[in-house]
Amino acid sequence: MKYWLMKTEPGTFSIFDFEKLPNQTSQWEGIRNYQARNFMRDEMKIGDKVFIYHSVVEPVGIFGTATVIKEAYVDYFQFDPDSKYYDPKATPEKPIWQMVDVKLEEIFSQPITLKQIKEIRALSGMGVVQKGSRLSIQPVKKEEWDFILKLAQ
DNA sequence: GCCAACGTTGGC
DNA sequence: GCCAACGTTGGC
């Protein structure tokens with residue numbers, strides 16, 4: 001089983017939006033970066049654990065956890081000219097982008113903020129504290145996962 | 001709102 | 001294949 005961090009801008013989708021959805025499950029559409037797509041396509045498996053990370057809007061940080069419940073499949077928004085995720089280069093015959101489904105697991109009573117993460121040496125290898133890191137899906141080490149979960153208790 | 005850092009595009 | 005220009009991300 002692998003561990004991940006997935007970024008979202010709460011103005012678009014926040015961890016609290018899961019609760020409005022059937023089965024507290026959301027498709028993770030709109031990933032338009034090849035490296036992030038490859039993580040989903042090649043490595044994400046059912047049962048993998050995911051940190052839900054809010055970017056841009058204060059407080060920035062990890063707000064809770066989710067589980068992968070459906071492995072990568074075609075993100076159909078790439079074909080929709082009215083979608084902001086539209087990609088004119090993609091066709092149903094040759095799709096480019098994929099998405100997974102994730103189900104909410106836990107919302108932390110207090111988010112683990114980026115500020116906190118930066119202050120903790122054990123978390124200094126995490127993608128979100130690397131300067132200039134813009135990857136919207138990042139692998140997380142088991143030790144980092146465990147550390148943050150403990151912190152969130 | 002600013003702007004550095006980054007990924008992508010497209011002309012050559 | 002190079003690389004300048006451009007658009008986007010995301011912390012502050």
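Naming: A, B, ... by sequence-line order, numbering from 1 per chain. Just so you know, these numbers use all the heavy atoms, side chains as well, and skip hydrogens, waters and symmetry mates.
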Quick one: is C/dT9 close enough that its OP1 or OP2 comes under 4.0 Å of any side-chain N or O from A/Tyr53?
no
Identify whether NZ of Lys or CZ of Arg in A/Lys20 sits under 6.0 Å from the centre of the six-membered ring of A/Phe18 and within 45° of that ring's axis.
no
Over all heavy atoms of both residues, which pair between A/Leu104 and A/Thr65 is shortest? Give the atoms and the distance, please.
CD1-O, 3.7 Å
Can you tell me how far P of B/dC6 sits from CG of A/Asn33, to the nearest Å?
13 Å
Looking only at atom types and distance, does a side-chain atom of A/Asp146 sit under 3.5 Å from a main-chain N or O of A/Glu143, one as donor and one as acceptor?
no
Separation of atom CD in A/Gln130 from atom P in C/dG10, rounded to whole Å:
14 Å
Would you call the rings of A/Phe63 and A/His54 parallel, tilted or perpendicular, taking 30° and 60° as the class edges?
parallel
If I take atom OH in residue A/Tyr85 and atom P in nucleotide C/dG7, what distance separates them, rounded to the nearest angstrom?
20 Å
Base, sugar-phosphate, or nothing for A/Lys115, non-hydrogen atoms under 4.0 angstrom?
nothing
When you check the phosphate oxygens OP1 and OP2 of C/dT9, does a side-chain N or O of A/Lys7 lie under 4.0 Å from one of them?
no
Whole angstrom is fine here: how far is it from CD1 in A/Ile137 over to C1' in C/dT9?
15 Å
Nucleotide nearest A/Ser55 when distance is taken to its side chain, options B/dT8, B/dC6, C/dG11:
C/dG11
Could you tell me how far apart A/Lys84 (NZ) and C/dG7 (P) are, to the nearest whole angstrom?
18 Å
Considering only B/dT9, C/dG10, C/dC12, which nucleotide approaches the side chain of A/Lys118 most closely?
C/dC12
Starting at the 5' end of DNA chain B and moving along, which residue's nearest nucleotide shows up first, A/Val56 or A/Arg134?
A/Val56
Could you say whether A/Lys131 or A/Arg32 is positioned toward the 5' end of DNA chain B, judged by the nucleotide with the nearest heavy atom to each?
A/Lys131
Heavy atoms under 4.0 Å, any strand shown: does A/Val60 hit a base, just sugar-phosphate, or nothing?
sugar-phosphate
Figure out the CD/C1' separation between A/Gln138 and C/dT9, and round it to whole Å.
12 Å
